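To keep things clear, I will list the structure first and then write my remarks on it.
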Amino acid sequence: MKRSEIDSFVSRQLAEWDDARLRHDALAATETKCVNVNGVEWHVTFNPARSVSTKAKIDASSIKSRRCFLCEANRPEEQVPLKWRGYDILVNPFPVFPGHLTIALCEHENQEILNRIDDFVELACELEGYTVFYNGPHSGASAPDHCHFQAVPEEWLPIGRDYPFRRYYITGDSSQVKAQMSRVLSSLTTEDGEDEPRVNAAVHCRADGSLEAVIVPRRAHRPSCYGKVGVSPGAIDMLGTVITTSREDYDAVDPELLSVIFSEVATVVDNPVLRVGIMTAPEIHYTLHGEYREEGDTFIPLSNECWFELEDVTIGVNFHWERKERQRFRGALQLMKVEEGVTAVNIIPVEDYLMSVISSEMSAEASQALLRAHAVISRSWVLAQLRHKVTAGCSCSSDDGETVKWYDHDDHTGFDVCADDHCQRYQGITRVTRSEVRDAVMATFGEVMTSGGELCDTRFSKCCGGAFEEFENCWEPEPHSYLTGGRDLIPVGTLPDLRIEAAACDWIMSRPDAFCASATPEILRQVLNDYDRDTVDFYRWKVHYTIEEISEIVCSRSGIDFGEITDLRPLSRGRSGRIYRLEIIGTKCSHIVGKELEIRKWLSRSHLYSSAFVPVKSADGFTLYGAGWGHGVGLCQIGAAVMGASGYDYREILLHYFKNAEINKMY
């Protein structure tokens, strides 16, 4: 049903129905104010006509004693329906927004959604340009005895937004949305004596044909203030516009009261706040856009539209694609004085941070499965950092013959994480947050990976090279049950013992089957930004050095004068074949270096792609034959991209790379 057809239907009804027309006309004078609730903007309207719903009595005796106003026999004579399957589409005579519709089941049956999810979703597909919503019998429905939906033009009820309470956001095609809504509703608990969980829900068909839906679990129908301030939240209230019906109620609703109301009728959740270190320089050049409040060394935005800009931010520190950018950020800006000058810190909610991380880590063509998987691991990792932060993240032991060093993400003072690959690549709003990324973050809002009741330290790298590495071979010697060795394949099949040198050489010098081995250029575009695709092959690669080159590089990077390098001897390899103890032999001395990242630093002017390599000496130097890009622990981004393109969903992807782990909703 085209939007123009619906608009014509509404116009005909209002032309013939004086009472309804007067109330629709009155909407033009409706007073509205904006209220900020825990950083999220909400609208409050003054609409006296809605008192028929706000003040409706919904106890059993009141329902029994009145005539059902949704039954055809009891409707006003002027209220003529459009027929849709077993429903009547009606103009609502007490509208909240222009074009407000009520869609009533033709039969008089109780309000419920569990067995009518298909109708709910298909109705949204049918009503072009409308958002269809549902009030549960104990969550705002003023006619809990007669099954019905409602709908308003999409511009009045956007559902892809932030919420200061728990909600489930769902996107996909019709069948996917139906399945996910059914799964969510089935997972929610039902109060004693009630037939279905307390919820508000909405669904909307977007211009590209995909759907978005939101489900808000409810704790109570009305807040404790209802006797004094007549706010009775239904779906419209919970999705962005609170309705009041008296001047006193309208004036009384402020951020504090609305926060209390939401805490009583829904489940309030915290969106943790993160301090991200962007850059350190002798002087920071910045520009503020919008109104900010200055508190000491911190600039706090006064609206969601504010953003700031930083000059000469370095990305890809010490990597082959290092460069400077002008970057833009939302949230607060702190200019923190440090010994080296000034550090710019961005203070921002975790979910907003993730929007940028996923946009920065993934390209525009990433599949929804990959984006959602990455949202979960990026959220899990950063929340684990907040929960288990320590003061030192770089450990080093060194004597005359051996240097063992690893770098963790916790070695920052003054902020929680940095903005570069050392932690997670974060570039604020410099990279446009695409709707696909927003869908992925919102659809997995609060979802994390846990093991044994604890947050997982969800590591990831570009390409595992066909086999996963164990955590303890790259960082501190503390095994994690969910970060173990394995093969990047389903079914897994056999993985040779790559700790054995001969097996590792055979593995690295061949091209065994793996998800990340079969990435096409199209799939690589899903996971890699343009500057990452400067590298042609990630699964297997080789680097050649002359004797002079490698001797100079190792001396410069290690600070040790080996003389002329004569041999590179792997001493210890992990489950993926990555070397974590390497002996470097020169004409002046020999030295053992570890772990994997330190090896990669010593053998390259930036970073060697991986420490899973076989060194082959020839007359003119060394050729390193390698596998993978990065440490290989946890999720393999290229392998996950192949899985997503092959039809695996994000949960299957996560449980493939993180063994013995679970996916849970933390908030």
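We count residues from 1, following the sequence as given. A quick note: this is a predicted structure, and the numbers were derived from the prediction, not measured.
Ion pairing between a basic and an acidic side chain is recognised when a charged N comes within 4.0 Å of a carboxylate O; R161 and E41 show no such pairing. Between E596 and K601 no salt bridge is recorded (no basic side-chain N to carboxylate O distance below 4.0 Å). Between E447 and R651 a salt bridge is recorded (basic side-chain N to carboxylate O distance below 4.0 Å). In this structure, D352 does not pair ionically with R438, as no charged nitrogen and carboxylate oxygen lie closer than 4.0 Å.
At most 12 non-hydrogen atoms from other residues, nucleotides or ligands lie less than 6.0 angstrom from CD of E291.
With T444 contributing its side chain and R372 its backbone, the two residues share no donor-acceptor pair below 3.5 Å.
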| message | If you apply the rule ring pair (Phe, Tyr, Trp, His ring centres under 6.0 Å), what do you find for Y169 with Y163, and how did you get there? | response | CA-CA 10 Å; Y169 183 74; Y163 298 85; 8.2 Å; no

| said: F460 vs H374, test: ring pair (Phe, Tyr, Trp, His ring centres under 6.0 Å). Steps then yes/no. | reply: CA-CA 9 Å; F460 60 89; H374 223 295; 4.5 Å; yes

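With sequence neighbours excluded, the residues satisfying side chain to side chain contact (heavy atoms under 4.5 Å, CB included) with E295 are R293, I300. In this view, R379 and E351 satisfy the salt bridge (charged side-chain N to carboxylate O under 4.0 Å, His left out) rule, not counting sequence neighbours.
The ring pair (Phe, Tyr, Trp, His ring centres under 6.0 Å) pairs that include a residue from residues 326-361 are F308-F329, F329-Y426, Y353-Y426, where partners are two or more places apart or lie in different chains.
Among T298, I348, L288, the one residue that satisfies the side-chain contact (heavy atoms from CB on, under 4.5 Å) test with L333 is L288.
For R578 and Y580, the positive end is not near the middle of the six-membered ring at less than 6.0 Å and at most 45° from its axis.
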